[in-house]
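Worksheet: the structure to be examined is printed underneath.
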Amino acid sequence: MKKIILVFGLISGAISSILMIATIPFADHMSHSLVVGYATMVASFLLVYFGIRSYRDNVGAGSISFGKAFGIGICITLISCAFYVLTWEIIYFNFMHDFMDKYNAHVIDKLQASGATAAAIQAKIQQMNEFKKSYENPFFNAAITFIEPFPVGLLITLISAAVLRKKPQQQSPPSPLPAS
């Protein structure tokens with residue numbers, strides 16, 4: 001079981017990291033980057049399904065309980081999320097340290113376009129500036145980053161565990177031979 005979790009978790013994490021790096025050019029287009037970002041998460045978390053299925057077919061003799069499938073899937077998800085967080089930490093602190101400034105500007109522009117009052121805009125600016133200060137703490141940054149992919153992985157884990165669960169087939173008693 002550990003080998004399957006590790007292999008599929010590492011592959012999922014590598015896919016997650018590679019796709020995050022590949023989508024950096026979309027970061028300047030905030031409205032599109034959200035869709036692209038979550039699509040890449042779903043793509044990397046497909047390995048959860050394949051990991052559970054691999055365990056069921058190769059180790060579980062064709063059967064697996066929901067609980068065992070969930071356990072395997074959530075472990076794969078956690079490994080993949082760790083890769084996601086580590087990749088973002090490297091990208092943010094070394095290459096995109098202006099991300100929060102761009103994000104804050106995007107949020108304020110949307111707020112202004114919606115016709116918000118000057119007081120509401122000023123309050124949002126203050127809130128965003130406080131968040132930016134907190135985001136500079138690597139532990140806070142990692143925690144916030146972790147909660148981006150984890151719900152997606154959790155959902156895919158739940159769906160995969162439900163779809164792939166399979167009870168062991170009962171051996172039917174041998175039928176009595178007719179007396180001849």
Side-chain angles (χ1 to χ4, degrees), residues 1-60 64-104 106-107 128 130-165:
M1 180 169 84
K2 291 177 186 176
K3 181 180 178 186
I4 289 173
I5 289 170
L6 193 58
V7 167
F8 284 90
L10 292 174
I11 293 170
S12 176
I15 291 170
S16 176
S17 294
I18 290 167
L19 291 176
M20 181 189 291
I21 292 166
T23 59
I24 287 176
F26 297 104
D28 289 338
H29 308 288
M30 294 287 175
S31 57
H32 295 98
S33 65
L34 200 60
V35 172
V36 171
Y38 280 100
T40 62
M41 287 178 207
V42 170
S44 70
F45 284 128
L46 288 176
L47 273 291
V48 168
Y49 174 86
F50 293 115
I52 295 169
R53 191 177 80 181
S54 176
Y55 180 87
R56 183 193 71 186
D57 295 347
N58 299 319
V59 178
I64 191 168
S65 68
F66 177 85
K68 178 69 96 174
F70 179 81
I72 292 166
I74 205 69
C75 288
I76 294 169
T77 294
L78 290 172
I79 292 170
S80 187
C81 288
F83 271 71
Y84 184 91
V85 169
L86 182 63
T87 303
W88 177 248
E89 293 286 301
I90 292 168
I91 290 170
Y92 177 75
F93 286 107
N94 295 301
F95 304 106
M96 291 181 61
H97 208 75
D98 63 342
F99 174 79
M100 285 306 295
D101 293 326
K102 291 178 181 179
Y103 178 74
N104 290 354
H106 172 74
V107 169
M128 297 298 287
E130 289 174 20
F131 183 77
K132 181 182 173 188
K133 286 179 191 172
S134 298
Y135 205 69
E136 288 302 309
N137 178 333
F139 296 109
F140 180 81
N141 188 311
I144 294 297
T145 303
F146 178 81
I147 61 173
E148 291 174 24
F150 184 72
V152 177
L154 178 61
L155 180 63
I156 290 176
T157 296
L158 289 168
I159 293 169
S160 298
V163 167
L164 292 170
R165 74 175 184 259

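This chain uses plain numbering: 1 for the first residue, then up along the sequence.
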Non-hydrogen side-chain atoms of [X] and [Y] separated by less than 4.5 Å:
X: Val163; Y: Ile52; answer: no
X: Trp88; Y: Ile144; answer: no
X: Phe131; Y: Asn104; answer: no
X: Tyr92; Y: Glu136; answer: yes

How long is the gap from [atom1] on [X] to [atom2] on [Y], to the nearest 0.5 Å?
X: Ile24; Y: Ile91; atom1: CD1; atom2: CD1; value: 3.5 Å
X: Ser65; Y: Arg56; atom1: OG; atom2: CZ; value: 12.5 Å
X: Phe139; Y: Glu89; atom1: CZ; atom2: CD; value: 9.0 Å
X: Ile156; Y: Ile74; atom1: CD1; atom2: CD1; value: 11.0 Å
X: Ile72; Y: Arg53; atom1: CD1; atom2: CZ; value: 13.5 Å
X: Ile76; Y: Cys81; atom1: CD1; atom2: SG; value: 12.0 Å

Would you confirm whether Ser12, through its side chain, and Phe8, through its main-chain N or O, come within 3.5 Å as a donor-acceptor pair?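 Such a contact is absent between Ser12 side chain and Phe8 backbone.
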Quick one: does Asn141's side chain have a donor or acceptor within less than 3.5 Å of a partner on Asn137's backbone?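 Between the backbone of Asn137 and the side chain of Asn141 there is no qualifying donor-acceptor contact (under 3.5 Å).
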Can you list everything that forms a side chain to side chain contact (heavy atoms under 4.5 Å, CB included) with Leu10? Sequence neighbours excluded, please.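 By the side chain to side chain contact (heavy atoms under 4.5 Å, CB included) rule, Leu10 matches Leu6, Ile79, Phe83.
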Which residues pass the salt bridge (Lys or Arg N to Asp or Glu O under 4.0 Å) test with Asp57, not counting sequence neighbours?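 Asp57: no salt bridge (Lys or Arg N to Asp or Glu O under 4.0 Å) contacts found.
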Is it true that, when you exclude Phe93 itself, more than 12 heavy atoms of the residues, nucleotides or ligands shown sit nearer than 6.0 Å to its CZ? yes
Taking all heavy atoms of Val48 and all of Gly73, pick out the closest pair and write down the distance. CG1-CA, 3.7 Å
For Tyr135 and Tyr103, I'd like to know if the aromatic rings sit close, meaning centre-to-centre distance below 6.0 Å. no
With side-chain contact (heavy atoms from CB on, under 4.5 Å) as the criterion, how do Leu78 and Phe146 come out once you've worked through the C-alpha distance, each side chain's angles and the decisive distance to 0.1 Å? CA-CA 9 Å; Leu78 290 172; Phe146 178 81; 3.8 Å; yes
Let me know which of Ile15, Ile18, Leu19 forms a side-chain contact (heavy atoms from CB on, under 4.5 Å) with Thr40. Leu19
Passes side-chain contact (heavy atoms from CB on, under 4.5 Å), Lys68 versus Arg165? Steps please. CA-CA 9 Å; Lys68 178 69 96 174; Arg165 74 175 184 259; over 6 Å; no
Go through the structure and list residues passing side chain to side chain donor-acceptor pair (under 3.5 Å) with Thr77, not counting sequence neighbours.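 Result, side chain to side chain donor-acceptor pair (under 3.5 Å) vs Thr77: Thr157.
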Applying ring pair (Phe, Tyr, Trp, His ring centres under 6.0 Å), run through Phe45 and Phe50 and close with a yes or a no. CA-CA 9 Å; Phe45 284 128; Phe50 293 115; over 10 Å; no
Taking only distance into account, with no hydrogens and no angle test, what donor-acceptor pairs under 3.5 Å do side-chain atoms of residues 148-155 form with protein atoms, sequence neighbours excluded?
| residue | atom | partner | partner atom | Å |
| --- | --- | --- | --- | --- |
| Glu148 | OE1 | Tyr84 | OH | 2.7 |

With sequence neighbours excluded, give me every salt bridge (charged side-chain N to carboxylate O under 4.0 Å, His left out) pair touching residues 73-84. none
Met128 vs Val107, test: side-chain contact (heavy atoms from CB on, under 4.5 Å). Steps then yes/no. CA-CA 9 Å; Met128 297 298 287; Val107 169; 3.9 Å; yes
Are Lys132 and Asp101 close enough, and set up right, to give a side-chain contact (heavy atoms from CB on, under 4.5 Å), and what steps lead you there? CA-CA 8 Å; Lys132 181 182 173 188; Asp101 293 326; 2.5 Å; yes
Suppose the criterion is side chain to side chain donor-acceptor pair (under 3.5 Å): which pairs have a residue in residues 16-27, not counting sequence neighbours? Ser17-Thr87
